Visitor: 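Got a structure for you, written out below as structure tokens; questions coming shortly.
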Amino acid sequence: MESHAVTFKKVQSTISENVKLIVVSKTKPIAEIMEVYECGHRIFGENKAQELQEKYEYMPKDIEWHFIGHLQTNKVKYITPFVSLIHSIDSLRLLKEVNKSAKKENRIVDCLLQFFIAEEETKFGLDMDEARELLTSESFKNMENIQICGVMGMATYTEDKTQIRREFAHLKNIFKEIKAEFFADSDFFKEISMGMTNDCQIAIEEGSTMVRIGSAIFGERNYSK
Ligand SMILES: *Cc1c(COP(=O)(O)O)cnc(C)c1O
């Protein structure tokens, strides 16, 4: 098997320079993640709050940690002291909790709104109406410790490339609409987080600014251990 350094460099060479690569290290032990860190990479993504907190504690402090999974409100406190970007805001309730926790830490935490763009029921995310409701709410207007930096979405897990492309194009349109309606004057609202191992090239063609890639670098994940 090729080393993680080799697979990382291969993946990196296929990603355009203006697209940020989030190396998804969920379920992987620190020693394996360090192989990619030693290549000079500093941006990693995790999807479990306590796993992320633990890795943050034991790993070099110049890592930029992104949270990419479904986040429960009672777990927010584990990550707000250090997290760089939360990709997965899918309710006003969650955003309120992040704001409250960030305030305690005296931080402003960057967040993306996660949209539901797939056909699979299992995926999380807002629809346009829910996003408008969130963004026009009084409580959102009073939040001083979060910054909305863009949108995130996951396409359906399918071989059908036309469908994947359509779903990513939809997310790009959502981004444009939300920007025009709510963030026209913002310098911060600019990110579209879309694309994983199997669909990152389509995502980049459709305007992704951040791809989240795990298995192409670390191999298939083994959840049973
Ligand atoms: C696991 C995960 C990824 C990475 O998936 P790969 O197919 O291993 O590249 C990206 N985004 C989210 C939200 C994930 O949970």
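Predicted model, so just to flag it, every value in this text is computed and none were measured. In each ligand, atom 1 is the first atom listed, and ligand 1 is the first ligand listed. Nothing fancy with the numbering, it's 1 onward along the sequence.
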Visitor: Give a yes or no on this: more than 12 heavy atoms of other residues, nucleotides or ligands lie within 6.0 Å of atom CG of Asn106.
Guide: no
Visitor: Starting from the C-alpha separation in whole Å, work towards a yes-or-no answer on salt bridge (charged side-chain N to carboxylate O under 4.0 Å, His left out) for Glu181 and Arg132.
Guide: CA-CA 9 Å; Glu181 250 181 81; Arg132 283 207 179 89; 2.8 Å; yes
Visitor: Does one side chain, of Ser193 or Arg212, offer a donor that lies under 3.5 Å from an acceptor on the other?
Guide: yes
Visitor: If you count the atoms of ligand 1 from 1 in the order shown, which ones are under 4.0 Å from a heavy atom of Ile213?
Guide: 9 (O)
Visitor: Hey, does Gly214 come in under 3.5 Å of ligand 1, counting only N/O atoms on both sides?
Guide: yes
Visitor: Could you tell me which atoms of ligand 1, counted from 1 in the order shown, lie closer than 4.0 angstrom to a heavy atom of Ser215?
Guide: 6 (P), 7 (O), 8 (O), 9 (O)
Visitor: Cut-off 3.5 Å, side chains only: do Glu54 and Gln50 have a donor facing an acceptor?
Guide: no
Visitor: So is there a nitrogen or oxygen of Asn198 less than 3.5 Å from a nitrogen or oxygen in ligand 1?
Guide: no
Visitor: Under a single-linkage definition using a 4.5 Å side-chain heavy-atom cutoff for Ile, Leu, Val, Met, Phe, Trp and Tyr, are Phe115 and Ile68 assigned to the same hydrophobic cluster?
Guide: no
Visitor: Does atom NE2 of His170 have more than 12 heavy-atom neighbours, drawn from other residues, nucleotides or ligands, at distances under 6.0 Å?
Guide: no
Visitor: One residue to check: His87. Relative to ligand 1, which of side chain, backbone, both or neither has a non-hydrogen atom less than 4.0 Å away?
Guide: neither
Visitor: Give the numbers and elements of all ligand 1 atoms closer than 4.0 Å to a heavy atom of Arg212.
Guide: 4 (C), 9 (O), 10 (C), 11 (N), 12 (C), 13 (C)
Visitor: Given Thr197, Ile68, Val23, Val11, which has its nearest heavy atom closest to atom 9 (O) of ligand 1?
Guide: Thr197
